[in-house]
There are 2 protein chains.
Amino acid sequence: MRLSTKGRYAVTAMLDLALQDGDGPVTLAEISETQGISLSYLEQLFACLRGKKLVRGVRGPGGGYYLGRPSKEISIADIICAVDEWVEFTRCGGKKDCKDGKRCLTHNLWDDLSNEIFNFLGSITLAQLIDRGGLKEEGCIAEDQTPKGDLISSSRTQAA
Amino acid sequence: MRLSTKGRYAVTAMLDLALQDGDGPVTLAEISETQGISLSYLEQLFACLRGKKLVRGVRGPGGGYYLGRPSKEISIADIICAVDEWVEFTRCGGKKDCKDGKRCLTHNLWDDLSNEIFNFLGSITLAQLIDRGGLKEEGCIAEDQTPKGDLISSSRTQAA
DNA sequence: TTTATAACCTAGTGGTTAACTAGGTATTGG
DNA sequence: CCAATACCTAGTTAACCACTAGGTTATAAA
């Protein structure tokens, strides 16, 4: 799993798209303006998202992008995996020689952890994030240590 | 939050250290050998870990590294934050001008998500990973889709 | 006291990638 | 037709990852 600013851009853009769901197509120029991401870079990100059917583009004047499927069926993991392709972590990875058990142990441990993170992100949908509604106040002050409610359902069963 | 192979190296190395907890100091040369990470790169990673008091070095022959504190008090987030420094995501970040509410909304949404991920990783300790014990079989075959038990306690209250 | 072992430190390096720029082509509503 | 928009490809700059090289301390063992 890889989680960088690239993935963050994609998630932010998708969030922007989801917020305007039902209001007709959203142009990349708008997102570029709103989120402060370069238009051409957005195009590249959306090329990845389109490839995974997470968005649907409409050409011509009045065109733009729609979500490829309902926001409750798009997980954060879906988005991140679309743009930040999954890097293989284990070197032995079940196929190479891996002599001593100790090495395998840490590999398996990490592998499990990696899967847990993936499942976690896979359990968070765009709809969930938005349905939380007016999280934090109107202003732009982002408090960090505020105790939060249940943003995430504790089920974590919806692996992608 | 950033989650790359660099952080993975650190977690793997710390896991190796935790597995040998109580067996005297572990040399970086051993970890380098076991995990296939270059010695000098390990030294740099451990310089970060030492700075955050996650490990304690002992010089001289017979020296090596100990965990800086009990493995149940070291979270994955601790480790990753030590080597993969936290990147600030929001551009407005509570301090800059952020005119329209929409922009703030997506920023806040992402900020929340980022905190959730952080809290999630902060809830997983080295001890927890190890106490799971013989996860998966002896062999090195890493099955991906095996349903898992509760690797992570669902409380998620131990933010770092 | 010497010596080998290990941590500890600093500077560089090649390769990869992120993020962006530039310049197109294709499609479609007005 | 024309303008707006998606869609495409090839660069470019800077950052960063993973590593190499070559040190300096500190200390247990000889």
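Lettering follows sequence order; numbering is per chain, from 1. Values in this document were obtained by computation on a predicted structure and should not be read as measured data.
Contact annotation for A/Ser40: base contact, defined as any heavy-atom pair under 4.0 Å involving a base atom. At a threshold of 4.0 angstrom between heavy atoms, the contacts of B/Phe46 with the nucleic acid are absent.
As a whole-Å value, the separation of B/Lys6 NZ from D/dA15 P is 15 Å. For the pair B/Leu28 CG and C/dC8 P, the interatomic distance rounds to 8 Å; values are reported in whole Å. Rounded to whole Å, the distance from CG on A/Leu45 to P on D/dA6 is 14 Å. The nearest whole Å value for the distance from the OH atom in B/Tyr66 to the P atom in C/dC8 is 13 Å. Across the protein-nucleic acid pair, A/Leu39 atom CG and D/dT5 atom P stand 11 Å apart, rounded to whole Å. Between A/Asp84 atom CG and C/dT17 atom P the separation is 11 Å, expressed in whole Å. Rounded to whole Å, atom P of D/dT25 lies 15 Å from atom CD of B/Glu43. If you measure from atom CZ of B/Arg56 to atom P of C/dA6, you get 17 Å, rounded to the nearest angstrom.
Shown are A/Lys72, A/Arg69, A/Lys52, A/Lys53; of these, the salt bridge (charged side-chain N to carboxylate O under 4.0 Å, His left out) with A/Asp78 is made only by A/Arg69.
When each of B/Val83 and A/Gly57 is assigned the nucleotide of DNA chain D with its nearest heavy atom, A/Gly57 is the one assigned upstream, toward the 5' end. Of the two residues contacting DNA chain D, namely A/Gly60 and A/Ala47, the nearest-nucleotide position lying further toward the 5' end is that of A/Gly60. Mapped onto DNA chain C by nearest heavy atom, A/Ser38 and A/Arg59 fall at different nucleotides, with A/Ser38 at the one closer to the 5' end.
Side chain of B/Ser75 to backbone of B/Ile124: no donor-acceptor contact under 3.5 angstrom is found.
Among the nucleotides C/dA18, C/dA4, C/dC8, the one closest to the side chain of B/Pro61 is C/dA4. Across D/dC19, C/dA18, D/dC17, the shortest atom-to-atom separation from the side chain of A/Tyr41 is found for C/dA18.
Between the OG atom in A/Ser32 and the CG atom in A/Leu28 there is a gap of 8.5 Å [rounded to 0.5 Å]. Of the inter-residue distances, the one linking A/Asp84 atom CG with A/Cys48 atom SG reads 9.0 Å to the nearest 0.5 angstrom. The distance from atom CG of A/Leu49 to atom CE of A/Met14, rounded to the nearest 0.5 Å, is 5.5 Å.
In this model, no side-chain donor or acceptor of A/Gln44 finds a partner on the base of D/dC8 within 3.5 Å.
Neither OP1 nor OP2 of C/dA6 sits under 4.0 Å from any side-chain N or O of B/Tyr65.
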